[in-house]
Amino acid sequence: MKSAFLLQHLHVIAEDNECVKVIGLYASKEDALSAIERLASQPGFSGCPKLIDPLEDDEESGFYIDEYEIGKDHWSEGYVTV
């Protein structure tokens with residue numbers, strides 16, 4: 001396995017208030033999509049059940065799938081707090 005697929009759900013409550021839930025880490029995109037099918041009708045998720053493509057969708061609330069290469073640093077620049 002070279003990659004894993006992180007499934008998260010974002011619910012934008014107000015302009016500066018959002019709730020992000022990590023749903024799970026899956027071996028394939030198909031497994032992550034199956035999880036969305038299982039969860040989309042559950043309370044909370046049913047209010048924003050769509051899989052969001054940030055490059056195509058204006059809407060922010062919904063499910064997100066991100067692919068991560070295993071064994072690689074994905075945040076290596078450090079950070080600052082303002």
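The chain is numbered in sequence order, starting from 1. Please read these numbers as outputs of a predicted model, since none were measured by experiment.
- Listed by first and then second residue, the side-chain hydrogen bond (donor to acceptor under 3.5 Å, both in side chains) pairs involving residues 47-62 are K50-D57 (not counting sequence neighbours).
- Under the 4.5 Å side-chain contact rule for hydrophobic residues, L25 and V22 share a cluster.
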Distance-only donor-acceptor pairs under 3.5 Å for side chains of residues 65-76, two or more places apart:
residue, atom, partner, partner atom, Å
E67, OE2, S3, OG, 2.9
H74, NE2, E69, O, 2.8
H74, NE2, K72, O, 3.3
W75, NE1, G78, O, 3.0

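- Note: I36 CD1 to L51 CG = 4.5 Å, rounded to the nearest 0.5 Å.
- Applying the ring-ring contact (aromatic ring centres under 6.0 Å, His included) test to pairs two or more places apart or on separate chains, those with a residue in residues 26-61 are H9-F45, F45-F63.
- Under the rule for a side chain to side chain contact (heavy atoms under 4.5 Å, CB included), the partners of N17 that lie at least two apart in sequence or sit in another chain are I13, A14.
- The other members of the hydrophobic cluster of V12, by chain and number, are L10, V20, I52, Y64 (side-chain heavy atoms under 4.5 Å, ILVMFWY only).
- The list of side-chain hydrogen bond (donor to acceptor under 3.5 Å, both in side chains) pairs with a residue in residues 28-41, not counting sequence neighbours, reads S28-D31.
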